[in-house]
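What follows is a short report on a single structure.
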Protein chains: 2
Amino acid sequence: MSHYLLEQNIKKNIHLSNEDLTTVSNYFKPLDLKRKEFLLTQGSICKFEGFVVDGCFRVFTLDKKGNENTLYFAAKDWWLMDIDSFMNQTASNLNIQALEDSKVLLISRKDKVSLYESLPIVEKLFRIMSQKALVSWQRRLIRNHSFTAKERYFHFIETYPDISSKLTDKQIAGYLGISHEFLSKIKKNSK
Amino acid sequence: MSHYLLEQNIKKNIHLSNEDLTTVSNYFKPLDLKRKEFLLTQGSICKFEGFVVDGCFRVFTLDKKGNENTLYFAAKDWWLMDIDSFMNQTASNLNIQALEDSKVLLISRKDKVSLYESLPIVEKLFRIMSQKALVSWQRRLIRNHSFTAKERYFHFIETYPDISSKLTDKQIAGYLGISHEFLSKIKKNSK
DNA sequence: TAAAAAAGTTGAACAAGTTCAATTGAATAA
DNA sequence: TTATTCAATTGAACTTGTTCAACTTTTTTA
């Protein structure tokens, strides 16, 4: 059952009784996406928070120059949303696209609000999750400033071998913030 | 009284009764720092979370090449800590230095844990604060990838005129992730 | 207030990364 | 299965940003 993975993920962050765990888990509804389908597109408002049960997603924005700037990838056991649009209920700048046939569990914004109210320990859960995410974003910024593109590339493929093996070089380049031509040159002169 | 600003800041995030607000606020202890003094240095463990009541701080890391990489600045009404070291109780990679004579309110890690336990709504407070911070970090990454150094510079000084006017160009360059010589050239050819 | 230290400027040479265009290779859809 | 589309590679010319060194200006400290 797809909720099992979600429950295990939650347990990594916080201790919950089985009853509470089931309550939380039941708020999440499964959704299947085909390869290349979008869970969210730029301009719309993000009304869900998601957890990836299977497959892989790319969260990216298209800037003025037409570059696809990838904020992050989310594979199995990762969370997924546009937190900016979700919190502020403003038009999203992000696209969330399935890179392969995928399955997610979604909780709607409304349901999340009721969940916070009915089960206050969920506040703690998302407080901890958000703080962990914050740590990753800060680390990534430091890497972006202090590593060269080549160092960032190898850090990425070594840290996330499972995810990076599913990605094209173009997608990886979009995550690293470099052109795919330059990534190709990095790979060439590293052999 | 210096706790007033903290209480106002908390109220921006969440509604609390005056009683609860006072309870939270009382956990925070004032500390004065002279210009150039450090609140945290690389290698030590961050045991506090801080709120700036007056003055200004720079949160930076010294990388292998000897570059001072600035994660963020925190002026009056901003929060301050190494969340990575604080959460994981591992050696910090960050230095937190006062840029001018400053006053902070600090809550110790121990006190924060008891506060979470005695007043569960504090979970919600920090959940919201963390999520807002997350939004800022994501936006900053997108800017770093899609803006040139020149665009990032003007975005910074226009968005944070109060903070940037207190900073040297060297410090701003460290925040933007560029050399201070290049920042000088950007300013020259923008006149 | 003088001396010292730090910040800012400038130029020249260099390195990192982009852009464009052409070509090849791989995956996908009809 | 073939045509088509998309990904990857390469080179050349270019732009962005770095490094180093010398110098000026401002700020700090004794």
Side-chain angles (χ1 to χ4, degrees), chain A residues 34-38 56 58 60 62-70 73 95 97-101 143-157 163-191, chain B residues 33-38 55-56 58 60 62-70 73 95 97-102 141 143-157 163-191:
Chain A
K34 291 261 166 236
R35 191 171 124 80
K36 298 195 177 173
E37 266 190 285
F38 286 86
C56 190
R58 182 167 65 111
F60 68 99
L62 244 137
D63 67 26
K64 293 152 212 161
K65 296 161 200 157
N67 290 320
E68 290 189 354
N69 203 279
T70 295
F73 301 103
N95 304 284
Q97 186 181 30
L99 296 175
E100 54 189 42
D101 292 357
R143 284 197 306 274
N144 281 347
H145 279 187
S146 60
F147 286 13
T148 62
K150 185 174 172 177
E151 290 168 333
R152 262 143 54 212
Y153 171 66
F154 284 107
H155 175 272
F156 179 69
I157 61 170
I163 293 184
S164 61
S165 63
K166 292 180 179 186
L167 303 173
T168 65
D169 285 352
K170 222 172 173 175
Q171 290 162 348
I172 294 178
Y175 174 85
L176 298 174
I178 58 176
S179 67
H180 70 279
E181 293 96 333
F182 188 56
L183 178 53
S184 177
K185 285 161 196 173
I186 286 173
K187 292 174 75 176
K188 188 190 179 190
N189 79 34
S190 305
K191 275 175 198 159
Chain B
L33 287 104
K34 291 261 166 235
R35 191 171 124 78
K36 296 196 176 174
E37 268 192 282
F38 285 85
C56 190
R58 182 168 65 113
F60 68 98
L62 243 137
D63 67 26
K64 295 151 209 159
K65 295 162 200 155
N67 290 321
E68 289 189 356
N69 204 278
T70 295
F73 301 103
N95 304 285
Q97 187 181 30
L99 296 176
E100 54 188 43
D101 294 357
S102 299
L141 187 109
R143 283 197 306 273
N144 280 347
H145 279 188
S146 59
F147 285 13
T148 63
K150 185 174 172 176
E151 289 167 333
R152 262 144 52 214
Y153 171 66
F154 285 106
H155 176 272
F156 179 68
I157 60 169
I163 294 184
S164 61
S165 63
K166 292 180 179 184
L167 304 173
T168 65
D169 285 354
K170 223 172 172 175
Q171 291 162 348
I172 294 177
Y175 174 86
L176 298 174
I178 59 176
S179 67
H180 70 280
E181 293 95 332
F182 189 56
L183 177 52
S184 176
K185 285 160 196 172
I186 285 172
K187 291 175 74 175
K188 188 188 178 191
N189 78 35
S190 303
K191 278 175 198 161

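All values below were derived from every heavy atom in this structure, side-chain atoms included, with hydrogens, water molecules and symmetry-related copies excluded.
- Proximity of K36(A) to the phosphate of dC6(D): no side-chain N or O atom is located under 4.0 Å from OP1 or OP2.
- Atom CG in L99(A) sits about 14 Å away from atom C1' in dA7(D), given to the nearest Å.
- Considering all non-hydrogen atoms of both residues, E68(B) and R58(B) come closest at OE1-NH1, 2.8 Å.
- Here the C1' atom of nucleotide dA27(C) and the CD atom of Q171(A) are 13 Å apart, to the nearest Å.
- Regarding I172(B), its CD1 atom lies at a distance of 12 Å from the C1' atom of dG8(C), rounded to whole Å.
- Separating the NZ atom of K34(A) from the C1' atom of dA29(C) is a distance of 15 Å, rounded to the nearest angstrom.
- Nucleotide dA16(C) holds its C1' atom 12 Å from the CD atom of E151(A), rounded to whole Å.
- Across all their heavy atoms, I172(A) and S164(A) have their closest contact at CD1-O, 4.0 Å.
- Going from atom CG of D169(A) over to atom P of dG25(C) covers 16 Å, rounded to whole Å.
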Please list, for nucleotides 16-19 of chain D, all pairs of protein and nucleotide N/O atoms separated by less than 3.5 Å.
{"residue": "dG17(D)", "atom": "OP1", "partner": "A149(B)", "partner atom": "N", "Å": "3.3"}
{"residue": "dT18(D)", "atom": "OP1", "partner": "S179(B)", "partner atom": "N", "Å": "3.4"}
{"residue": "dT18(D)", "atom": "OP2", "partner": "S179(B)", "partner atom": "N", "Å": "3.0"}
{"residue": "dT18(D)", "atom": "OP2", "partner": "S179(B)", "partner atom": "OG", "Å": "3.0"}
{"residue": "dT19(D)", "atom": "O4", "partner": "K185(B)", "partner atom": "NZ", "Å": "3.2"}

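- Side-chain contact between F154(B) and S190(B): present, with at least one pair of heavy atoms (C-beta onward) separated by less than 4.5 Å.
- Taking the C1' atoms of five terminal pairs at each end of the helix from dT1(C)-dA30(D) to dA30(C)-dT1(D), the two resulting helix axes are inclined by 60°, rounded to 10°.
- S146(A) is not listed as a side-chain neighbour of N67(B), based on a closest heavy-atom distance of 4.5 Å or more.
- For the side-chain contact (heavy atoms from CB on, under 4.5 Å) test, residues two or more places apart in sequence or in another chain that qualify with A149(A) are R152(A), I178(A), F182(A), I186(A).
- Atom-to-atom, NZ of K187(A) to C1' of dT10(D) comes out at 14 Å; the value is rounded to the nearest Å.
- Of the possible donor and acceptor atoms, none in the side chain of D101(B) sits under 3.5 Å from a partner among the backbone N and O of K34(B).
- Contact check for H145(A) versus N144(B): side-chain heavy atoms found under the 4.5 Å cut-off.
- Taking the side chain of K188(A) as heavy atoms from C-beta on, and the options dT28(D), dG11(C), dG11(D), the nearest nucleotide is dG11(D).
- Put simply, the side chain of F73(B) reaches to within 4.5 Å of the side chain of Q171(B), judged on heavy atoms.
- The nearest whole Å value for the distance from the CG atom in L167(A) to the C1' atom in dA26(C) is 17 Å.
- Counting heavy atoms from C-beta outward, L99(A) and K166(A) have side chains that stay 4.5 Å or more apart.
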